[in-house]
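Here's the structure we're looking at; comments come further down.
So you know, we letter chains A, B, ... as the sequences are listed, proteins then strands, and number each from 1. The figures that follow rest on heavy atoms only: side chains count, while hydrogens, waters and symmetry mates do not.
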Number of protein chains: 2
Amino acid sequence: MGQFRNQIDEIFLNGDSDSIKEALLEHPTADIADFLSKSEVRDVIEYLSLIPHSESGRIVSEINRDTQNELFERMDRFQFAFIFENMYSDERADFFQELEKENQIELLPYLEKSIREDVIVLSAYPPETAGGIMSTDFATIQEKMTVKEALNKIKKDNPSSKMIYYIYVVDDRMIMKGIITIKDLIMAESNDSVSELYQENFIYADVNEDREDVALKIERYDLVAIPVLNSLKQLAGIVGHEEAIDVIQAEATEDMEKFMGITPSDDEETYLETSSFQHFRRRVAWIVVLAAVGLISGIIIQKFQNVLEQLIILALYMPMMTATGGNSGSQAATVVIRALALGEVEDSKWLKIIFKEAQVACLLSVCVGLLVFLKINFFSAAHNIPHNISITTIGALIAAAMAAQVISSAIIGAGLPLLVRRLGGDPAIAASPAIATVVDITGLLIYFTIASLSLSL
Amino acid sequence: MGQFRNQIDEIFLNGDSDSIKEALLEHPTADIADFLSKSEVRDVIEYLSLIPHSESGRIVSEINRDTQNELFERMDRFQFAFIFENMYSDERADFFQELEKENQIELLPYLEKSIREDVIVLSAYPPETAGGIMSTDFATIQEKMTVKEALNKIKKDNPSSKMIYYIYVVDDRMIMKGIITIKDLIMAESNDSVSELYQENFIYADVNEDREDVALKIERYDLVAIPVLNSLKQLAGIVGHEEAIDVIQAEATEDMEKFMGITPSDDEETYLETSSFQHFRRRVAWIVVLAAVGLISGIIIQKFQNVLEQLIILALYMPMMTATGGNSGSQAATVVIRALALGEVEDSKWLKIIFKEAQVACLLSVCVGLLVFLKINFFSAAHNIPHNISITTIGALIAAAMAAQVISSAIIGAGLPLLVRRLGGDPAIAASPAIATVVDITGLLIYFTIASLSLSL
């Protein structure tokens, strides 16, 4: 990653201030920001002094939070405020939101009135909503304008270049009327009226909408950005496609973590930055709860202790029995959870889904059952088994239990996430460890019940 | 999902041809395409006859493959060719690539020469490369042009509206010189020269680059589209941000499936569309292989059969032992695999990662060990245990084994994906079921070794 990284290192280490300035202005922001995030903060301050505040704002928007905070601490407040004002509006609000109260109060007086208002409004939305991730860098026009007037208005608004692809048509009270692409404006004649060109059916998000739903809309409709409206249908902001990618990745991580019994965290620290204790806290609940539930397995075994003592060979296949059930259940849960997350199936089709998983599991159970039967029948070392039972009977018995376990586990694995979804929860919390623990218990019940029934025959 | 879905159903079921035509032209393509994908093909043909071919091309680009194929079968070849020519170039090439050879040959003569060439070239790239997902809908300008000339050239090229945000500066031989945003062109004076405005340092992809790397570049640099160059540095196509989202989602699904021991499939069928046998085929290998490996657990138990017979209480805690190890190992593997996938850590830091996981596991092992010790010590029903051993000793012994299991499992869980990555594989195939099975075996070894050592004291 980072097509220009080596080149950038070279320039900053050996270049004069002219070439550094050029690099800051010309190289991709992400690469420059990466380099600055790893530099000494006093060097960063020096570099930023080489370029206009508007450019510093762009770069500081993308450097990491720690360096941003250090800049805030170390720089002259006035200088910092200039840079802050030029940051992307969403990044600016996020930074502000995470500042200590006293620092927020200290920074505000240095800001221009319009920016002060923007920051306060944007940082009021909860981070998991459309409002929490939207930006206010957009251009608006009115329907009575001609194309020429519209283009002049856009030049005046001068939103950041990535936000210019859709132009929003609003009325005097900022109520959204429609959308027009910059292409439509360019392709039109300069005297054409905007009212004849814009699209009245447009996709939008509500400020309170869950950010995941917003991301899925951006994906479904291949949008570069989506307008965000408040309850009065006024244009409050826009969410860009790059936010959708971030949200989709974050949600995929969260789903995977939940599914493995790890509590997702909100902060954006990377794996190594997160302390061991923090990692521990995110995992301990499931581990301990499931260990406690796992004690139920012990109670079941204890209940069937006489069967086990008569037929100690049963103990040998217990771990395989529980493990295979866990695998079958987890596989079923994975495909169901993923299909739900991608919107491929609705939970109203639960009966169809369970039926399909049962079918798949029947096929799997034939393979696994056969494997176990053949192993026990032909490759068993001498066991002291009661004289009235043959090794073939025992093989058949364990194979049957195994098959029943694979099928019941798949049904439980597919059913639990559907049930959680039905109850309004996130299906991913029907975690794989939870399923494994549940099917351990059901598996042992199946195993010993089949065994003791056969023995008492 | 589908803000306009009910409205669309209503229009198509009850509207006259004028309102249907309007809906086709004005409503979001994704919603229209969804509706048409579920309609009778003869109705679809009728609807499409209401609108110009250019609009039909846009809509047919987004309907599902089955309906596309039916259209190809049922429509007049000439009519279909017109629509085909107006599809998005990447969708067009994908459709063509999947046609039977004889159908490909039948379609080609109906196409305009330039489109025929475009389709043949694009469908030659493997689907997992940049070339395989790129489109050729883009506008190029030359550096000697003025802004006014450039804007005229763009109007002439008339790429689809979503592809107009970056304009590509090329020389006479299509060698890429740089990039300019439509905003820069609009903000400039019409007599300015393109040569002074365009960005020479641009991010690009190579036609043979892996599509996942291309998607990560789009994400890292917040690009709306990325140019794709061939070995001569000629502009061959572009990949849009919407492809990046699709790739990132597909890769997340693939990672999750691999991690659960499910072979990822290439086809784009949804969960319910995929046959049970197909689902079975994608899961059977891991289930059977792991069940076979699970038989090793049996061998270990058999080796320690005399310990087990002396101390049948050990059997009660066996399932909890193996399950907790599996959970601890899977959690460690999940965070490590995800951190690697997101590029948060490099595998060169493996020692740091393992050390961190060991720390986390030590904390977890204290909790779990304590739980087990207290349970056995204070809540054990009467057991026939040998007279020379107290229940406290047995509690301590099982708790110690449990703690060792949690720690060793975490190290194995973190280490396996790192090892696979080191060997050049995808860390996600160090699947959670595989880890669970491995730690079943190591766990039983730990458990019985500690037990037999203590008994022989």
Side-chain angles (χ1 to χ4, degrees), chain A residues 3 26-28 30 161 164-165 181-183 187 201 203 219-222 224 241-242 245 252-253 260 262 270-272 276 279-280 283-284 287-288 290-291 294 297-298 301-302 315-317 319-320 322-324 327 330-331 334 338-339 344-345 356 359-360 363-364 367-368 371 433 437 440, chain B residues 3 26-28 30 155 161 164-165 181-183 201 203 219-222 224 241-242 245 252-253 260 262 270-272 276 279-280 283-284 287-288 290-291 294 297-298 301-302 315-317 319-320 322-324 327 330-331 334 338-339 344-345 356 359-360 363-364 367-368 371 433 437 440:
Chain A
Q3 197 171 299
E26 302 286 334
H27 279 79
S161 76
I164 207 182
Y165 312 120
T181 66
I182 192 85
K183 180 194 170 193
M187 305 298 277
N201 293 316
I203 304 292
E219 188 221 343
R220 174 175 169 82
Y221 297 105
D222 289 350
V224 178
H241 67 94
E242 71 283 0
I245 293 187
T253 303
M260 281 301 155
I262 300 170
T270 62
Y271 173 77
L272 284 175
S276 295
H279 278 296
F280 162 72
R283 301 188 208 170
V284 65
I287 289 277
V288 171
L290 292 179
S297 309
I301 299 173
Q302 196 167 10
L316 308 195
Y317 297 95
M320 176 177 131
T322 53
T324 306
N327 293 345
S330 299
Q331 284 189 340
T334 304
R338 198 63 197 158
E344 285 186 2
V345 293
K356 181 150 231 151
Q359 278 186 312
V360 177
L363 292 169
L364 291 172
C367 301
V368 177
L371 172 81
T437 305
D440 273 6
Chain B
Q3 197 173 299
E26 300 288 333
H27 278 77
K155 286 191 199 182
S161 77
I164 207 181
Y165 311 120
T181 67
I182 193 86
K183 180 194 172 196
N201 294 315
I203 305 291
E219 187 221 345
R220 174 174 170 80
Y221 297 105
D222 290 350
V224 178
H241 66 95
E242 71 284 358
I245 294 187
T253 304
M260 281 300 156
I262 300 170
T270 63
Y271 174 78
L272 284 175
S276 296
H279 278 296
F280 162 73
R283 301 188 206 170
V284 66
I287 290 278
V288 171
L290 292 178
S297 310
I301 299 174
Q302 195 168 10
L316 308 194
Y317 297 95
M320 176 176 133
T322 52
T324 307
N327 294 346
S330 298
Q331 284 189 339
T334 305
R338 198 63 195 157
E344 285 186 2
V345 294
K356 179 150 234 147
Q359 279 185 310
V360 176
L363 293 168
L364 291 172
C367 301
V368 177
L371 172 81
T437 305
D440 273 6

- Query: So B/I301 and A/Y317, side chain to side chain contact (heavy atoms under 4.5 Å, CB included) or not? Walk me through it.
  - Reply: CA-CA 9 Å; B/I301 299 174; A/Y317 297 95; over 6 Å; no
- Task: Might you point out which heavy atoms bring B/L371 and A/V288 nearest each other, and give the distance in Å?
- Result: CD2-O, 4.0 Å
- Measure the CD1-CD distance between B/I287 and A/Q331 for me, rounded to the nearest 0.5 Å. 4.0 Å
- For A/L364, is it the side chain, the backbone, both, or neither that has a heavy atom closer than 4.5 Å to a heavy atom of chain B? both
- Task: Report the option among A/A30, A/A323, A/G294 that has the most heavy-atom pairs separated by less than 4.5 Å from atoms of chain B.
- Result: A/A30
- Query: Where on B/T437 is there a heavy atom nearer than 4.5 Å to chain A: the side chain, the backbone, both, or neither?
  - Reply: side chain
- Note on the structure: Rounding to 0.5 Å, atoms CG (A/D222) and NE2 (B/H241) come to a distance of 6.5 Å
- OG1 of A/T253 to CZ of B/R338, rounded to nearest 0.5 Å, is 3.5 Å
- Message: Counting heavy-atom pairs under 4.5 Å with chain B, which one of A/N201, A/L290, A/V368 comes out on top?
- Response: A/N201
- Return the option, out of B/H279, B/K356, B/Q359, B/M320, with the maximum number of heavy-atom pairs under 4.5 Å with chain A. B/K356
- Closest approach of B/L363 to A/S276 (non-hydrogen atoms, all atoms of both residues): CD1-O, 4.3 Å
- Task: Could you tell me which non-hydrogen atom of B/P319 sits nearest to which non-hydrogen atom of A/D440, and how far apart they are?
- Result: O-OD2, 4.0 Å
